[in-house]
Protein chains: 2
Amino acid sequence: MAEEHKLPTIKEIAQRLNISVSTVSRALHDHPSIGLRTKMRVQQLADELGYEPNKIAIFFKQRKTYAIGVVLPSLIEEFFSKAISGIEDVARKNKYHVFIGQSHDDVEMEKEIITAMKDQHVDGLIVSLSKQTKNYDHFMALEKYNIPVVFFDRVPSLSNVHKVAFDMVNGTKQMLEFLIKKGHRRIGILNGPEEMISSKERTETYKQVMIKNRIKIDMSLVESTDLSLESTATAVEKMLSLKPRPTAVVAINDYVALDGIRHAKKLNLELNKDITFVSYANIPITSFLQDPPFASVEQYPYKQGSMAAEILIELMNNSSTSESFHNILINGDLVIHATGE
Amino acid sequence: MAEEHKLPTIKEIAQRLNISVSTVSRALHDHPSIGLRTKMRVQQLADELGYEPNKIAIFFKQRKTYAIGVVLPSLIEEFFSKAISGIEDVARKNKYHVFIGQSHDDVEMEKEIITAMKDQHVDGLIVSLSKQTKNYDHFMALEKYNIPVVFFDRVPSLSNVHKVAFDMVNGTKQMLEFLIKKGHRRIGILNGPEEMISSKERTETYKQVMIKNRIKIDMSLVESTDLSLESTATAVEKMLSLKPRPTAVVAINDYVALDGIRHAKKLNLELNKDITFVSYANIPITSFLQDPPFASVEQYPYKQGSMAAEILIELMNNSSTSESFHNILINGDLVIHATGE
DNA sequence: GAAAATACAGCAACCGTTTGCGCATTATTT
DNA sequence: AAATAATGCGCAAACGGTTGCTGTATTTTC
């Protein structure tokens, strides 16, 4: 049973009613040049037959797919799954659908996904770079296909692209000023890989704020991790064995901060007294944690996603290549987690 | 610049070479009935022009999109984002792409997504039900369009569907036997909403195991939560205020267990002594937790996702409606988290 | 009552590719 | 040398729908 799977087409309606397909098409679109009588007959038969336009055919004709692709490192990070929600919501409102691809922080995978999405003729792309990505040719190639790209969060260090990102400079300033106000003078940074511009910005801002507050800059207080477990462990260890030890540590994200906290406990350091950890917010389980980071900068992933999507939609509509590039900075907010000090 | 966006087509190649499009098409496919000379000329020009077949046109013609849709409650739950990875990996291997839709546990949203995916002509669908879903008509309607559906994790209570799910009966047995062996006699259940078959199975298994171990069944030890924060809080409170209090509690997932643990601490109960919490694994941050659930049953989301995808691919290939339905049960494994007792 | 305007519907091309069938050429067989 | 078989390629339809143009009744206008 159910083996005939012949969906009704406009052609069929035309035959049954003994009129032309163009008339049917126009009737269904309520075109003014079709008589009321005909329109009604068509509408009725269409309903009876359960006719539904074949969108693939339409997309093909219109050279549009109403699909946007999203490429990001990993859905497991809450930051990204929240961002996806923002993208999805905006997309749905505008009748777009969302393809998702995870690069798992692998450039080759990223390229593959981009190619696949190009082949699928997505109308636009939203991308958060893999942490390995240094070269942007595979994105630039998309221009040829007229596929606009909006980057978010992990954006390339180029000026001629559209991007939405957390305002790292501002967020880092807030965080450092907060710590300094609390009396900290020796502040460590558990930074991300050099390839990420956010890492560079963090370091720069660090220097800036230190200078402004007349604190001597000590670059041995800046450690990097490529975010792998081992690399993070090494960085944490180095950081905590510095002499004198920093009294506060800014970690690139909550996971790294938690690693630091765990290690500090092992060393029998008293948290928020001997040493204070702060970070940039990625995870929301802090309420279950005995010792959360003292504070985090909320980065509003949902907002980043939805803004990126809005920009993309604008770009897809006005294919009139507006010469300017969007460069949105999202302001973070400092959130205090720890219950007391 | 770049305003001509005219991608080369087979037609263009044909014109330039003064041959027919059919010849070009066949040449590009290495069809035996095309002469070597012609093939080479075509190939070369195609390379020069950077020709790429228009997949949309091909999909349209072949009435296939090479897209599979995935509908699930929320990407934020790690269980699901891991499952997605499993689905994606299998899909990619088979040249399929993945559309994702989040129902956010809302039936209406679920229906909308299904409709959208049907309109997009996905070739198949993988679904984990919203916790509200009681009626499966919107899935059954897909038969008409010849779109196969494979359910996973949150599956419907129907026998004539394909599904992959965690073996709740077995997993729960393992867990309960484990607790009983440890001496627990008064075991509470923080169960999920009644609509989820897993909840029913949990209750049933509970009774069964109790009977087998000659422990009197006390249904006041079974509390339900709809998984909202408030509902969970209420259930936890009730559970911990029972007299006598249970010495062990099985929670539907880690989040609920953590809520229980937090509440127990507030009541100054000593964990794993006065009361022990166990659950089904959804989250991996246990290593950062001071007091993780004592044990969890790992549900292998990646495996569930990849198996569901494999079944779907099989179904999409053999549209020969095999009369039997897949009904895979994934065996869980008990994982002990707590460091000591 | 004839000319002009309007209303209604059909023709055919088009989007890019695939494929069954037929038709020339050339090559092979006897 | 004639009949047969390969070989190489083109024609045209098909997938489902949209749209500019054309054509014919029917009305309206003066």
Side-chain angles (χ1 to χ4, degrees), chain A residues 4-43 45-46 49-67 118-121 123 145-146, chain B residues 4-43 45-46 49-67 95 118-123 144-146 319:
Chain A
E4 351 82 74
H5 58 292
K6 273 284 176 204
L7 296 180
T9 67
I10 236 176
K11 199 182 289 183
E12 194 179 336
I13 299 184
Q15 279 172 207
R16 294 223 200 185
L17 257 36
N18 223 336
I19 58 182
S20 77
V21 290
S22 42
T23 301
V24 176
S25 173
R26 285 193 252 253
L28 290 170
H29 286 81
D30 208 30
H31 191 284
S33 92
I34 302 296
L36 189 58
R37 230 192 100 63
T38 314
K39 269 183 197 168
M40 298 195 57
R41 289 176 61 211
V42 170
Q43 293 283 9
L45 184 56
L49 262 45
Y51 167 77
E52 295 175 80
N54 181 331
K55 296 215 177 166
I56 301 290
I58 297 175
F59 293 166
F60 167 51
K61 176 112 227 260
Q62 297 183 172
R63 348 198 80 244
K64 256 202 100 147
T65 56
Y66 283 94
K118 174 213 62 178
D119 286 347
Q120 287 273 333
H121 289 242
D123 290 339
Y145 305 98
N146 240 280
Chain B
E4 351 81 74
H5 57 292
K6 273 284 179 205
L7 295 180
T9 67
I10 235 176
K11 198 182 291 183
E12 194 179 335
I13 299 184
Q15 279 171 206
R16 294 222 200 186
L17 257 37
N18 224 335
I19 57 182
S20 77
V21 290
S22 42
T23 301
V24 176
S25 173
R26 284 192 253 254
L28 290 171
H29 286 83
D30 208 31
H31 191 285
S33 90
I34 302 297
L36 188 58
R37 230 191 100 63
T38 314
K39 269 184 196 168
M40 297 194 56
R41 289 175 63 212
V42 170
Q43 293 283 10
L45 184 54
L49 262 45
Y51 167 78
E52 296 175 79
N54 181 330
K55 295 214 177 165
I56 301 290
I58 297 175
F59 293 165
F60 166 52
K61 176 117 228 264
Q62 297 183 173
R63 348 197 80 246
K64 258 201 98 146
T65 56
Y66 284 93
K95 308 267 180 203
K118 174 212 64 180
D119 286 347
Q120 287 272 332
H121 289 239
V122 295
D123 290 339
K144 183 173 132 201
Y145 304 99
N146 240 281
S319 74

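Chain naming here is simple, since letters A, B, ... match the order of the sequence lines and numbering starts at 1 in each. The basis for the numbers below is simple: all heavy atoms, side chains too, and nothing from hydrogens, waters or symmetry mates. Keep in mind the model is a prediction, meaning the values are calculated, not measured.
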Whole-Å distance separating the [atom1] atom of [X] from the [atom2] atom of [N]:
X	N	atom1	atom2	answer
Arg26(A)	dC21(D)	CZ	P	12 Å
Lys64(B)	dT17(C)	NZ	C1'	17 Å
Lys61(A)	dC14(C)	NZ	C1'	5 Å
Leu7(A)	dC15(D)	CG	C1'	13 Å
Asn54(A)	dG17(D)	CG	C1'	8 Å
Gln62(A)	dT19(D)	CD	P	7 Å

Among all residues two or more places apart in sequence or in another chain, which pass the side chain to side chain donor-acceptor pair (under 3.5 Å) test with [X]?
X	answer
His31(B)	Ser33(B)
Thr38(A)	none
Lys64(A)	Tyr96(A)
Glu52(B)	Lys118(A), Tyr145(A)

Practice problem: Find the bend of the helix from dG1(C)-dC30(D) to dT30(C)-dA1(D) as the angle between its two terminal axes (five pairs each), to the nearest 10°. | Solution: 50°
Practice problem: Answer yes if the side chains of Ser20(B) and Thr23(B) hold a donor-acceptor pair under 3.5 Å, and no otherwise. | Solution: yes
Quiz item: Which salt bridge (Lys or Arg N to Asp or Glu O under 4.0 Å) pairs, counting each pair once, include a residue from residues 15-26 of chain A, with sequence neighbours left out?
Solution: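 Residue pairs passing salt bridge (Lys or Arg N to Asp or Glu O under 4.0 Å), neighbours aside: Glu12(A)-Arg16(A).
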Self-check item: Residue pairs, two or more places apart or on separate chains, that pass salt bridge (Lys or Arg N to Asp or Glu O under 4.0 Å) and touch residues 32-43 of chain B
Solution: Asp30(B)-Lys39(B)
Practice problem: Only counting residues at least two apart or in another chain, list the ones meeting salt bridge (charged side-chain N to carboxylate O under 4.0 Å, His left out) with Lys61(A). | Solution: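 Testing Lys61(A) for salt bridge (charged side-chain N to carboxylate O under 4.0 Å, His left out), a comparison that skips the adjacent residues, returns none.
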Practice problem: Any chance you could list the contact pattern along nucleotides 22-28 of chain C? Use B for base contacts, S for sugar-phosphate-only contacts and - for none, protein heavy atoms under 4.0 Å, 5' to 3'. | Solution: -------
Practice problem: State, with a plain yes or no, whether a side-chain heavy atom of Ile58(A) is found less than 4.5 Å away from one of Pro53(A). | Solution: yes
Self-check item: For DNA chain D, the residues among residues 28-43 of chain A that have a non-hydrogen atom under 4.0 Å from it
Solution: His29(A)
Practice problem: With sequence neighbours left out, write down each residue that passes ring pair (Phe, Tyr, Trp, His ring centres under 6.0 Å) with Tyr51(A), or none if nothing qualifies. | Solution: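 Expected list: none.
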Quiz item: Between residues 9-21 of chain B and DNA chain C, which residues have a heavy-atom gap below 4.0 Å?
Solution: Thr9(B), Ile10(B), Lys11(B)
Practice problem: Determine, step by step, whether Leu7(A) and Asn54(A) satisfy the side chain to side chain contact (heavy atoms under 4.5 Å, CB included) criterion, reporting the C-alpha distance in whole Å, the side-chain angles of both residues, the deciding distance to 0.1 Å, and the verdict. | Solution: CA-CA 9 Å; Leu7(A) 296 180; Asn54(A) 181 331; over 6 Å; no
Can you name the closest pair of heavy atoms from [X] and [Y] and give their distance?
X	Y	result
Gly50(A)	Pro8(A)	O-CG, 3.8 Å
Ala46(A)	Leu28(A)	CB-CD2, 4.0 Å
Lys55(B)	His121(A)	N-NE2, 4.1 Å

Exercise. Have a look at Phe59(A) and say if it touches a base, only the backbone sugar-phosphate, or nothing, with a 4.0 Å heavy-atom cut-off.
Key: nothing
Quiz prompt | Proximal nucleotide (of dT18(C), dG10(C), dT18(D)) relative to the Ile58(A) side chain | solution = dT18(D)
Self-check item: Nearest-nucleotide 5' precedence on DNA chain D, Ser22(B) against Phe60(B)
Solution: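 Its nearest nucleotide being more 5', the pick is Ser22(B).
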Self-check item: Check: Arg63(A) side chain, dG17(D) base, donor-acceptor under 3.5 Å
Solution: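 When only heavy-atom distances are counted, Arg63(A) does not reach the base of dG17(D) through any donor-acceptor pair under 3.5 Å.
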